[in-house]
Novice: 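Got a structure for you, written out below as structure tokens; questions coming shortly.
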Amino acid sequence: MEQGTFQLFLGAMSIIALFVFIALYFVKAGYGMFRTASWGISINNKLAWMLMEAPVFIVMLLLWWNSALYNSIAPLIFFLLFQLHYFQRAFVFPFLLKGKSRMPLAIMMMGMLFNLLNGFMQGEWLFYLAPETLYTPEWLMTPQFIIGALLFFTGMGINWYSDYVIRHLRKPGDTRHYLPSQGMYRYVTSANYFGEIIEWAGWAILTWSLSGLVFLWWTVANLVPRANAIWHRYKEEFGDAVGNRKRVFPFLY
């Protein structure tokens with residue numbers, strides 16, 4: 001893809017994310033606690049997560065392997081960081097899920113489409129379009145990479161631990177909802193989303209790329225409205241127990 005076409009692609013992705021951001025304040029994404037029969041056919045949650053997240057792992061692998069930069073150290077590090085997240089999300093996280101939840105097929109397909117486009121968006125820039133003089137070995141010693149990597153792993157840690165807290169709220173056979181209160185859940189009701197936003201903010205900084213920034217915007221556009229819906233649901237169910245916790249950004253929102 002040529003640079004000009006790629007810039008148009010990034011612009012289109014950004015505009016679509018804006019519409020998604022607005023729409024999700026009016027229509028709750030129908031998975032997890034918000035799944036309803038109106039979303040149509042649903043499939044096993046574990047299978048859905050794997051099928052939804054695996055495509056981006058595969059796309060990134062193919063783009064990296066078929067590029068001239070597959071053995072260059074900085075692009076290799078980018079590749080490994082990105083794949084670490086999606087290996088966990090596609091091939092570990094689904095099998096840690098408990099219960100017999102289901103995900104609407106429509107939600108899975110939309111997630112799969114985004115992941116395919118995002119995998120192309122990240123890989124095309126990093127391995128094919130970035131200037132040859134940009135991601136040299138010296139890049140790994142820049143403030144952008146160091147700060148971004150610290151944020152990336154901090155966000156990943158928050159995300160993984162928050163998912164762990166959620167998975168262990170219930171005892172086997174229990175189907176009730178509980179208000180999580182460990183870790184960052186002391187400050188926000190969607191700590192896992194906060195962690196993921198921080199993680200991809202780190203990615204945008206460590207790659208110092210417009211494609212990374214667009215991915216961060218998509219993450220915010222998808223997760224912040226859902227965090228708002230979860231906050232309101234918790235307010236309805238648990239009332240004053242929610243206290244001063246914010247939705248997704250501690251002390252802010």
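We number each residue from 1, following the sequence as shown.
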Novice: Considering all heavy atoms of both residues, which atom of M52 and which atom of M112 are nearest to each other, and what is their separation?
Specialist: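 For M52 and M112, the tightest heavy-atom pair comes out as CG-N, 3.7 Å.
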Novice: Distance check, rounded to the nearest 0.5 Å: F145 atom CZ versus W208 atom CH2?
Specialist: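 One finds 14.0 Å between CZ of F145 and CH2 of W208.
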Novice: Can R89 be said to sit on top of F93's aromatic six-ring, NZ or CZ under 6.0 Å from centre and within 45° of the ring axis?
Specialist: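 Here R89 passes the 6.0 Å and 45° test against F93.
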Novice: Do W200 and F152 have ring centroids that are under 6.0 Å from one another?
Specialist: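 Close enough - the centres of the two rings lie under 6.0 Å apart.
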Novice: Side chains of T142 and I147: closer than 4.5 Å at any heavy-atom pair?
Specialist: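 The answer is no; the side chains never approach within 4.5 Å.
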Novice: Using ring centroids (six-membered ring only for Trp), state whether F91 and F57 fall under 6.0 Å.
Specialist: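 Yes, they do, as the ring centres are separated by less than 6.0 Å.
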Novice: Which pair of non-hydrogen atoms, one from P94 and one from Q88, has the smallest distance, and what is that distance?
Specialist: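 Closest approach of P94 to Q88, heavy atoms only: CD-O, 4.2 Å.
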Novice: Would you confirm whether W231, through its side chain, and R226, through its main-chain N or O, come within 3.5 Å as a donor-acceptor pair?
Specialist: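 Checking the backbone N and O of R226 against the side chain of W231, no donor-acceptor pair under 3.5 Å is found.
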Novice: Just so I know, are the side chains of F153 and L81 near enough to count as touching, which here means a heavy-atom distance under 4.5 Å?
Specialist: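 The answer is yes, as the side chains (C-beta and beyond) meet within the 4.5 Å cut-off.
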Novice: Check for a donor-acceptor pair, side chain of Q3 on one end and backbone N or O of L129 on the other, with a separation under 3.5 Å.
Specialist: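 Checking the backbone N and O of L129 against the side chain of Q3, a donor-acceptor pair under 3.5 Å is found.
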Novice: Return the minimal non-hydrogen interatomic distance between V248 and I197, and the atom names on each side.
Specialist: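 Scanning both residues completely, I find the closest heavy atoms to be CG2-CD1, 4.0 Å.
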Novice: Passes side chain to side chain contact (heavy atoms under 4.5 Å, CB included), N228 versus Y253? Steps please.
Specialist: CA-CA 9 Å; N228 176 65; Y253 178 81; 3.5 Å; yes
Novice: Do any N or O atoms from the side chain of Y70 and from the backbone of P75 form a donor-acceptor pair under 3.5 angstrom?
Specialist: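 Not confirmed, Y70 side chain does not pair with P75 backbone.
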Novice: Can a donor-acceptor pair be found, under 3.5 Å and without considering hydrogens, that links the side chain of S209 to the backbone of G212?
Specialist: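 Yes, S209 side chain to G212 backbone: donor-acceptor pair under 3.5 Å.
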Novice: Check for me whether the distance between the ring centres of F78 and F82 falls short of 6.0 Å.
Specialist: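 For F78 and F82, the ring centres are not under 6.0 Å apart.
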Novice: Please give me the minimum heavy-atom distance between P225 and L24, naming the atom from each residue.
Specialist: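 P225 and L24 have their closest heavy atoms at CB-CB, 3.5 Å.
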Novice: Should we count CE of M110 as having more than 12 external heavy atoms under 6.0 Å?
Specialist: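 It does: M110 CE has more than 12 such atoms within range.
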Novice: For the aromatic rings, using the six-membered ring if either is Trp, is the centroid distance between W64 and F79 under 6.0 Å?
Specialist: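 They qualify: ring centres under 6.0 Å apart.
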Novice: Closest heavy-atom contact between A191 and Y185?
Specialist: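 Result for this residue pair: N-CE2, 3.4 Å.
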Novice: Take a 6.0 Å sphere around OH of Y128 and say whether it holds more than 12 heavy atoms from other residues, nucleotides or ligands.
Specialist: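 Yes - once you tally the heavy atoms of other residues, nucleotides and ligands closer than 6.0 Å, there are more than 12.
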Novice: Applying side chain to side chain contact (heavy atoms under 4.5 Å, CB included), run through R247 and V224 and close with a yes or a no.
Specialist: CA-CA 8 Å; R247 293 159 176 81; V224 169; over 6 Å; no
Novice: E53 and N115: side-chain donor and acceptor closer than 3.5 Å?
Specialist: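 Yes - a donor-acceptor pair under 3.5 Å links their side chains.
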Novice: Would you mind reporting whether M184 and I158 have side-chain heavy atoms less than 4.5 Å apart?
Specialist: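 Result yes, sub-4.5 Å side-chain heavy-atom pair found.
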Novice: Is there a side-chain contact between T189 and R245, using heavy atoms and a 4.5 Å cut-off?
Specialist: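 Counting from C-beta outward, T189 and R245 do come under 4.5 Å.
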Novice: Evaluate N66 against L62 for side chain to side chain contact (heavy atoms under 4.5 Å, CB included), listing each step before the verdict.
Specialist: CA-CA 6 Å; N66 289 293; L62 292 175; 4.2 Å; yes
Novice: When you measure from the side chain of T136 to the backbone N and O of T133, does any donor-acceptor pair fall under 3.5 Å?
Specialist: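 It does not hold such a pair.
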Novice: Going by atom types only, do Q122 and W203 share a side-chain donor-acceptor pair under 3.5 Å?
Specialist: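 The answer is yes; a qualifying pair exists.
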Novice: Quick one: pull up CG in L151 and CD1 in I146 and give me the separation to the nearest 0.5 Å.
Specialist: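 Result: 12.5 Å between the selected atoms.
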Novice: Tell me the closest heavy-atom pair linking P180 and I166, and the distance in Å.
Specialist: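 Answer, listing the atom of P180 first, then I166: CG-CD1, 3.9 Å.
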Novice: For residues L63 and L134: do they belong to one hydrophobic cluster (side chain heavy atoms under 4.5 Å, members Ile, Leu, Val, Met, Phe, Trp, Tyr)?
Specialist: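 As far as the 4.5 Å side-chain criterion goes, L134 and L63 are connected within one cluster.
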Novice: Could you label the plane-to-plane angle of the W218 and F114 rings as parallel, tilted or perpendicular, counting under 30° as parallel and over 60° as perpendicular?
Specialist: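 Rings of W218 and F114: tilted, 30 to 60°.
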Novice: Specify whether F21 and W217 have parallel, tilted or perpendicular ring planes, treating 30° as the upper limit for parallel and 60° as the lower limit for perpendicular.
Specialist: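 Answer is tilted, since the angle falls between 30° and 60°.
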Novice: Under 3.5 Å, is there a donor-acceptor pair between the side chain of T5 and the main chain of M1?
Specialist: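 No, the answer is negative, given that no donor and acceptor are paired below the 3.5 Å cut-off.
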Novice: Is D240 salt-bridged to K235, going by a charged N under 4.0 Å from an acidic O?
Specialist: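 Salt bridge between D240 and K235, a charged N being under 4.0 Å from a carboxylate O: no.
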Novice: Pick out which of M121, E124, M13 makes a side-chain contact (heavy atoms from CB on, under 4.5 Å) with S211.
Specialist: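 Of the listed options, the one satisfying the test is M121.
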Novice: Any side-chain to backbone donor/acceptor pair from S67 onto L69? Under 3.5 Å, distance only.
Specialist: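 Yes, S67 side chain to L69 backbone: donor-acceptor pair under 3.5 Å.
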Novice: How long is the span from the CE atom in M103 to the CG atom in L97, to the nearest 0.5 Å?
Specialist: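 Spacing of CE (M103) from CG (L97) equals 8.5 Å.
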Novice: Is F238 atom CZ crowded by more than 12 heavy atoms from other residues, nucleotides or ligands, each under 6.0 Å away?
Specialist: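 More than 12 within 6.0 Å, yes.
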Novice: State the CG-OG1 distance between L213 and T207, to the nearest 0.5 angstrom.
Specialist: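 The CG atom of L213 sits 9.0 Å away from the OG1 atom of T207.
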Novice: Please evaluate residues Q144 and L206 with respect to the criterion side chain to side chain contact (heavy atoms under 4.5 Å, CB included), reporting the C-alpha separation (whole Å), side-chain torsions for both, the decisive distance (0.1 Å), and the verdict.
Specialist: CA-CA 5 Å; Q144 296 99 310; L206 71 88; over 6 Å; no
Novice: Would you compute the distance between atom CD1 of I198 and atom CG of L216 and round it to the nearest 0.5 angstrom?
Specialist: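 Rounded to the nearest 0.5 Å, the CD1-CG separation comes to 9.0 Å.
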Novice: Looking at T154, is its backbone amide N or carbonyl O close enough to the side chain of E199 to form a donor-acceptor pair, meaning the two atoms are under 3.5 Å apart?
Specialist: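 Side chain of E199 to backbone of T154, a donor-acceptor pair under 3.5 Å: no, none is there.
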Novice: Would you say the side-chain atoms of S190 pair up with the backbone N or O of Y193, donor to acceptor, closer than 3.5 Å?
Specialist: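 A pair under 3.5 Å: no.
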Novice: For the rings on Y187 and F249, is their centre-to-centre separation under 6.0 Å?
Specialist: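 Distance test on ring centres: not under 6.0 Å, no.
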Novice: Report yes if some heavy atom in the side chain of F127 is under 4.5 Å from a heavy atom in the side chain of M60; otherwise report no.
Specialist: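 Of all side-chain heavy-atom pairs linking M60 with F127, at least one is under 4.5 Å.
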Novice: Taking N192's backbone N and O only, do any of them form a donor-acceptor pair with N159's side chain (distance below 3.5 Å, no angle check)?
Specialist: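 Checked: pair present.
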